[in-house]
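Shown next, in structure tokens, is the structure this report addresses.
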Amino acid sequence: MEKKIKTAVVGAAGYTGGELLRLLVHHPQIELAWIHSNSQKDKRLEEVHPDLIGESQLNFTDQIETAGLDLVFLCLPHGEAKPFLETHVFSGQTVIIDLSTDFRDESEGFVYGLPETQSDQIRQASKIANPGCFATCIQLALAPAVEHGWVQQPVHMSGITGSTGAGKSLSPTTHFSHRNQNVSVYKLFSHQHLKEIRQTFRKLNAGFDQSVLFVPYRGNFTRGIWVTAYFPFAGELEEAYQRYEYFYRDAAFTYVSRIDIDLKQVVNTNKCLVHLKKEAGQLVVYAAIDNLLKGASGQAVQNMNLAFGLDEKAGLQLKSSVY
Ligand SMILES: NC(=O)c1ccc[n+]([C@@H]2O[C@H](COP(=O)([O-])OP(=O)(O)OC[C@H]3O[C@@H](n4cnc5c(N)ncnc54)[C@H](OP(=O)(O)O)[C@@H]3O)[C@@H](O)[C@H]2O)c1
């Protein structure tokens with residue numbers, strides 16, 4: 001029998017940690033060595049993630065055993081992954097996949113983990129910085145156009161995210177009383193993901209120098225991200241479709257849809273759907289992902305599959321619930 005990948009998850013009690021465990025307990029190549037939480041130590045898996053009852057006998061631990069691992073996922077808040085790795089030194093044989101922003105600038109030997117643009121680098125990587133959720137959706141919405149030099153003026157976009165995008169801890173803007181039946185804008189034109197978006201766009205097209213004007217919304221739903229982006233475009237819609245279809249011809253989870261899309265098609269899947277329109281001289285791009293899957297833990301497993309030479313789709317053949 002093929003040797004399994006001995007894996008640990010740090011921050012396993014949080015939202016991305018929980019979503020990762022849902023994928024890993026059923027992944028054919030994974031053996032979970034330990035799952036870490038300071039606040040939930042010694043609790044059984046289903047006491048923290050009740051939907052996982054019957055799926056595993058694991059308990060949470062507050063101990064970090066760095067030796068003997070093939071893989072560790074870090075599901076820690078922004079700014080916590082870097083100090084964590086300074087105080088916990090893993091063997092050079094251990095692949096590290098970090099879900100925070102801490103290494104998305106590709107510092108300290110990390111490779112930015114967007115498979116649609118960097119699959120060759122990810123296959124060789126031992127340290128992977130998983131992209132942000134809005135960043136994933138926006139990059140996949142615009143990458144073919146940016147690479148082809150079509151974005152020659154500031155690109156405008158709005159995006160709306162579900163409440164799980166903000167993590168498990170309660171805050172005034174994630175509280176049910178605020179979020180339910182409500183919509184609000186935050187971090188106008190200044191979202192932290194703009195940095196990694198610009199980094200990718202410059203890699204795709206060294207001359208890219210346009211403003212990315214992004215209006216992020218908090219939505220009143222739990223999961224999912226929807227982005228609408230547009231920029232002036234002189235070409236025909238058919239030409240745009242052909243360019244996008246060509247760009248994503250080998251993508252395992254990103255699909256260009258010629259029919260209208262909606263959010264429910266991607267929730268609970270690792271898919272990104274992209275749809276194009278040409279109106280009023282603009283190319284308008286719709287893109288949708290599940291923030292916890294393609295925007296976080298699903299993409300982390302996709303990156304793991306690439307880094308370990310597995311089928312890119314292993315453990316990720318999920319289904320949406322459309323009604
Ligand atoms: N939520 C999303 O949709 C999403 C999407 C893309 C990327 N991300 C990124 O993924 C990371 C995790 O997000 P999340 O939504 O899962 O957050 P979360 O629900 O708040 O979970 C974070 C977990 O980290 C643990 N933790 C905090 N500080 C720690 C430390 N210093 N050492 C060890 N453990 C610590 C906490 O565990 P204890 O219970 O043990 O205290 C907590 O359960 C963040 O960097 C986030 O930006 C999130």
Side-chain angles (χ1 to χ4, degrees), residues 8-24 34-43 45 47-49 59-66 72-88 90 96-105 110 112-114 128-140 159-171 173-174 179 186-187 191-193 195-197 216 218-219 221-227 263 266-268 270 272 288-303:
V9 178
V10 184
Y15 278 167
T16 59
E19 199 64 3
L20 196 53
L21 293 175
R22 281 175 201 103
L23 299 170
L24 296 179
W34 48 263
I35 55 175
H36 178 269
S37 166
N38 287 320
S39 67
Q40 309 296 327
K41 72 164 179 158
D42 300 332
K43 288 197 182 157
L45 179 61
E47 288 182 87
V48 178
H49 301 300
N59 283 15
F60 285 87
T61 177
D62 64 349
Q63 301 300 303
I64 307 283
E65 179 53 71
T66 56
V72 62
F73 290 97
L74 305 183
C75 300
L76 303 175
H78 296 315
E80 297 292 343
K82 208 170 199 165
F84 178 87
L85 289 179
E86 282 161 10
T87 48
H88 300 90
F90 292 87
I96 299 172
I97 301 183
D98 176 38
L99 278 75
S100 81
T101 49
D102 291 14
F103 301 102
R104 291 186 197 150
D105 60 357
F110 275 79
Y112 188 66
L114 189 68
I128 298 168
N130 216 56
C133 46
F134 265 134
T136 296
C137 201
I138 291 169
Q139 288 171 99
L140 295 177
I160 186 163
T161 180
S163 56
T164 53
K168 198 170 185 174
S169 302
L170 207 49
S171 74
T173 54
T174 58
R179 203 82 180 211
Y186 69 111
K187 297 181 182 170
H191 197 280
Q192 67 272 17
H193 291 175
K195 209 169 149 198
E196 63 194 87
I197 292 167
R218 301 183 186 93
F221 49 92
T222 309
R223 295 170 75 120
I225 284 184
W226 178 280
V227 164
L263 192 61
V266 297
V267 172
N268 291 322
N270 198 46
C272 174
I289 61 167
D290 183 319
N291 57 293
L292 284 173
L293 285 165
K294 185 60 176 163
S297 308
Q299 187 146 257
V301 170
Q302 186 180 354
N303 282 323

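Each ligand, and each atom within it, is numbered from 1 in the order the structure gives.
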For this session: Please test Cys75 against Thr16 for side-chain contact (heavy atoms from CB on, under 4.5 Å), starting from the C-alpha separation and ending with a verdict.
Result: CA-CA 6 Å; Cys75 300; Thr16 59; 3.4 Å; yes
Problem set entry | Those atoms of ligand 1 less than 4.0 Å from some heavy atom in Ser37 | 38 (P), 39 (O), 40 (O)
Seminar exercise, completed: of all protein heavy atoms, closest to atom 15 (O) of ligand 1 is Gly167 CA, 3.2 Å
For this session: Please could you name the atoms of ligand 1 that Glu80 approaches to less than 4.0 Å, counting only its heavy atoms?
Result: 31 (N)
Problem set entry | Atom indices of ligand 1, in the order listed, that fall short of 4.0 Å to a heavy atom of Ala296 | 5 (C), 6 (C)
Problem set entry | Numbered atoms and elements of ligand 1 in range of Pro77, under 4.0 angstrom, heavy atoms | 24 (O), 26 (N), 27 (C), 28 (N), 44 (C), 45 (O)
For this session: Indicate the atoms forming the closest heavy-atom contact of His191 with Pro216, along with that distance.
Result: CD2-CG, 4.0 Å
Problem set entry | Heteroatom distance test (Ser169, ligand 1): nitrogen or oxygen, under 3.5 angstrom | no
Exercise. Going by the order shown, which atoms of ligand 1 are within less than 4.0 Å of some heavy atom of Cys75?
Worked result: 12 (C), 22 (C), 23 (C), 24 (O)
Exercise. Counting only heavy atoms on the protein side, is anything nearer than 4.0 Å to atom 5 (C) of ligand 1?
Worked result: yes
Seminar exercise, completed: Under 4.0 Å from one or more heavy atoms of Ala13, ligand 1 contributes atoms 39 (O), 43 (O)
For this session: Check each of Gly18, Gly17, Ser39, Ala300 against atom 39 (O) of ligand 1 and report the one with the nearest heavy atom.
Result: Ser39
Exercise. Is the backbone of Lys294 close enough, under 3.5 Å, to the side chain of Asn270 for a donor and an acceptor to pair up by distance?
Worked result: yes
Problem set entry | Of the listed options Ile225, Asp102, Leu293, Thr16, closest to atom 12 (C) of ligand 1 (non-hydrogen atoms) | Thr16
For this session: Starting from atom 46 (C) of ligand 1, find the nearest protein heavy-atom neighbour and note its residue, name and distance.
Result: His78 CE1, 4.0 Å
Exercise. Between Gly14 and ligand 1, is there a nitrogen or oxygen pair with a distance under 3.5 Å?
Worked result: yes
For this session: Decide if atom NZ of Lys168 counts as having more than 12 heavy atoms of other residues, nucleotides or ligands within a radius under 6.0 Å.
Result: yes
Problem set entry | From CD1 (Ile97) to CG (Asn303), nearest 0.5 Å | 6.0 Å
Exercise. side-chain contact (heavy atoms from CB on, under 4.5 Å) between Leu85 and Leu74: does it pass, once the steps are laid out?
Worked result: CA-CA 9 Å; Leu85 289 179; Leu74 305 183; 3.8 Å; yes
Problem set entry | Nearest protein heavy atom with distance in Å, relative to atom 36 (C) of ligand 1 | Gly11 CA, 4.9 Å
Exercise. Side chain of Asp62, backbone of Ser37: donor and acceptor closer than 3.5 Å?
Worked result: no
For this session: For Arg223 and Ser163, indicate whether the former's side chain and the latter's backbone hold a donor-acceptor pair under 3.5 Å.
Result: no
For this session: Give a yes-or-no answer on whether the side chains of Gln63 and Lys41 include a donor-acceptor pair shorter than 3.5 Å.
Result: no
Exercise. Which residue holds the protein heavy atom closest to atom 3 (O) of ligand 1, what is that atom called, and what is the gap in Å?
Worked result: Asn291 ND2, 2.9 Å
For this session: Kindly identify the option in Val10, Ile64, Leu76 whose heavy atom sits closest to atom 34 (N) of ligand 1.
Result: Leu76
Seminar exercise, completed: In ligand 1, the atoms that come under 4.0 Å of a heavy atom of Thr164 are 1 (N), 2 (C), 3 (O)
Exercise. Nearest to atom 40 (O) of ligand 1, what protein heavy atom do you find, and at what distance?
Worked result: Asn38 N, 2.6 Å
For this session: Output yes when the distance from some N or O of ligand 1 to some N or O of His36 is under 3.5 Å, and no in every other case.
Result: no
Exercise. Is any side-chain heavy atom of Leu24 closer than 4.5 Å to a side-chain heavy atom of Phe73?
Worked result: yes
Seminar exercise, completed: Within 4.0 Å of some non-hydrogen atom of Lys168, the atoms of ligand 1 are 18 (P), 19 (O), 20 (O)
Exercise. Which one of Leu99, Leu292, Thr136, Asn130 has a non-hydrogen atom at the shortest distance from atom 7 (C) of ligand 1?
Worked result: Leu99
Exercise. Of the options Thr136, Thr161, Thr222, Thr164, which is the one that meets Asn291 in a side-chain hydrogen bond (donor to acceptor under 3.5 Å, both in side chains)?
Worked result: Thr164
Problem set entry | N or O contact, Arg104 vs ligand 1, cut-off under 3.5 Å | no
For this session: Carefully, step by step, assess Gln192 and Thr101 under the rule side chain to side chain donor-acceptor pair (under 3.5 Å).
Result: CA-CA 9 Å; Gln192 67 272 17; Thr101 49; over 6 Å; no
Seminar exercise, completed: d(Cys137 SG, Ile225 CD1) to nearest 0.5 Å is 6.0 Å
